[in-house]
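These notes are about the structure you will find just below.
Keep in mind that what you see is a predicted model, and the values were worked out from it rather than measured.
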Amino acid sequence: MSRWKALPGELDPRVRQLVVRLRRLKDHSGLSLRQLAAKTGYSASSWERYLGGRSLPPREAVEAMVRIGGDDPTRLLALHEVAAEAWGEGRAGTSAPEGPDAPNAPETSEATEATGTADTASAAHTVEVVGALQAAGADDTGPYHLAAPNEETRQGRSLRVALVAGAVALVLAVSSAVLLAVRLTDGDSRASATPLGSATSSVSPSPSPSGPRTYACEVERIDGRWYAGNSRTRDAVLAEGLAGPEVAEAQCLLRRAGFAPGVVDGIFGPHTKSAVEQLQKRAGLVVDGIIGRHTWGALRR
């Protein structure tokens, strides 16, 4: 397993989640940065910035990494959309996704990277055109190099991008609410069907009359793996700020492993993150406080 440098502390958790996923795909591929550059058309120095959290990779670079690593493109591209929105909010346009490098083009100098809003507008224009081609069903979606639009076009396009980002965030929020409601309904149904003399209790969340919702930890070992009754996931990506039964499952398993995530309330807070980092350190994993496939493996063992 590669030993990565720690990501910048000020990096938004949504961007951090995308970078960690890309790092794992790169480790899984076994490619060096130079080999990765040869396969994707993006230079080794660009990948170094993407994987170091210093620059947001463009959508085409993420798609190329998905093809190499064989990961689920839908999940990774959704992470990229959320990360792009967070990057725009946090950096306020001070850095933009970089376009692909030509196969024999020289490395971009620091002076070129500081050209300002013109390069930012050009990159935004490129991303919008690629998205339009993908929506139309085109097979070849880039990479492309397009000239920056004028000021009026750029302002109109920025408004459309903001509206699209807001719509995506709304859809994600509604989807999460529906999924949670379905899970709670299913849990209530199972609770009503459980006999009074049953040896195990329901795994649905138990509400507290005067505090936040808490979850039960019914820990048992099935087929050589530990489960706490709240979720059977083994690859869901969880980070600080998220909530749900998957988080409650991780909190129960952290308790079983001897760490203290705080109250099992299904909310990924600072205590849960600290417990995850302690587990990752003990298991010899990348210590980033984010639960992914490898951390789930350590929790289930």
Practice item. Apply side chain to side chain contact (heavy atoms under 4.5 Å, CB included) to the pair R16 and V19, showing each step before the final yes or no. Key: CA-CA 5 Å; R16 182 185 298 270; V19 174; 5.8 Å; no
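- Electrostatic pairing of K281 and E277 does not count as a salt bridge here, judged by no charged N lying under 4.0 Å from a carboxylate O.
- For the atom pair CG of L253 and CG of L299, the computed distance is 5.5 Å after rounding to the nearest 0.5 Å.
- Taking all atoms of both residues into account, the shortest heavy-atom contact from R301 to W226 is O-CD1, 3.2 Å.
- A continuous path of ILVMFWY side-chain contacts below 4.5 Å connects W87 to V62, so both sit in one hydrophobic cluster.
- Across all non-hydrogen atoms, the minimal contact from A37 to A44 is CB-N, 3.5 Å.
- Q17 contributes no side-chain N or O that, together with a main-chain N or O of L79, makes up a donor-acceptor pair within less than 3.5 Å.
- Side-chain contact between Y42 and P58 is present, with at least one heavy-atom pair separated by less than 4.5 Å.
- Hydrophobic clustering of Ile, Leu, Val, Met, Phe, Trp and Tyr side chains at less than 4.5 Å, counting indirect connections, keeps L279 apart from V263.
- Here the shortest heavy-atom pairing between P8 and G52 reads CD-O, 3.5 Å.
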Exercise for review: Carefully, step by step, assess L76 and L22 under the rule side chain to side chain contact (heavy atoms under 4.5 Å, CB included).
Suggested key: CA-CA 9 Å; L76 200 58; L22 291 175; 4.1 Å; yes
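- I267 has its side chain out of reach of V247: every pair of non-hydrogen atoms, C-beta onward, lies at least 4.5 Å apart.
- Donor-acceptor pairing under 3.5 Å is lacking for the side chains of W4 and D288.
- Note that CG of L11 is 9.5 Å distant from CG of L56, once rounded to the nearest 0.5 Å.
- Considering every non-hydrogen atom in both A86 and V15, the closest pair reads CB-CG2, 4.1 Å.
- No side-chain heavy atom of D265 sits under 4.5 Å from any side-chain heavy atom of R213.
- For R221, the CZ atom sits in a packed shell: over 12 heavy atoms of surrounding residues, nucleotides or ligands are nearer than 6.0 Å.
- Looking at heavy atoms from C-beta onward, T40 lies in side-chain contact with W47 at the 4.5 angstrom threshold.
- Evaluated for a side chain to side chain contact (heavy atoms under 4.5 Å, CB included) with Q251, the options V264, T214, V276, N230 yield exactly one hit, V264.
- No donor-acceptor pair under 3.5 Å is formed between the side chain of E85 and the backbone N or O of V82.
- Linking Ile, Leu, Val, Met, Phe, Trp and Tyr whenever their side-chain heavy atoms come within less than 4.5 Å leaves V20 and L242 in two separate clusters.
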Point to revise | side chain to side chain contact (heavy atoms under 4.5 Å, CB included) between L31 and I68, worked out | key: CA-CA 10 Å; L31 299 175; I68 293 173; 3.8 Å; yes
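- Side chain of S29 to main chain of K26: a donor-acceptor pair is present (N/O by atom type, distance under 3.5 Å, no hydrogens or angles).
- What you find for A248 and Y215 is that their closest heavy atoms are CB-CG, 3.4 Å.
- Between R225 and R234, some side-chain heavy-atom pair lies under the 4.5 Å cut-off.
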Exercise for review: Just do the side chain to side chain contact (heavy atoms under 4.5 Å, CB included) check on T295 and I290 with the steps written out, would you?
Suggested key: CA-CA 8 Å; T295 305; I290 297 175; over 6 Å; no
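- Residues T272 and L254 meet the side-chain proximity criterion, which asks for heavy atoms closer than 4.5 Å.
- Residue pairs meeting the salt bridge (charged side-chain N to carboxylate O under 4.0 Å, His left out) criterion with at least one partner in residues 236-259, sequence neighbours excluded, are R183-E246, E240-K273, E249-R300.
- By the 4.5 Å heavy-atom criterion applied to side chains, Q278 and V287 are not counted as neighbours.
- The hydrophobic cluster containing L51 also contains L77, counting ILVMFWY residues as joined when their side-chain heavy atoms lie under 4.5 angstrom apart, directly or transitively.
- Side-chain N or O atoms of H80 include one that pairs as donor or acceptor with a backbone N or O of P57 at under 3.5 Å.
- Applying the salt bridge (Lys or Arg N to Asp or Glu O under 4.0 Å) criterion to D12, with sequence neighbours excluded, gives R14.
- Side-chain contact check for H294 versus R24: some heavy-atom pair is nearer than 4.5 Å.
- One distance of note links CH2 of W296 with CG of D235; it measures 9.5 Å at 0.5 Å rounding.
- Counting only N and O atoms by type, the side chains of T233 and S231 include no donor and acceptor under 3.5 Å apart.
- Atom OH of residue Y50 and atom OG of residue S45 lie 8.5 Å apart, to the nearest 0.5 angstrom.
- Annotation: R75, atom CZ; neighbour count of heavy atoms from other residues, nucleotides and ligands within 6.0 Å is above 12.
- Note that OG of S274 and CZ of F259 are 10.0 Å apart. Values are rounded to the nearest 0.5 Å.
- By the criterion of side-chain heavy atoms lying less than 4.5 angstrom apart, applied directly or through intervening Ile, Leu, Val, Met, Phe, Trp or Tyr residues, L25 is grouped together with V237 in one hydrophobic cluster.
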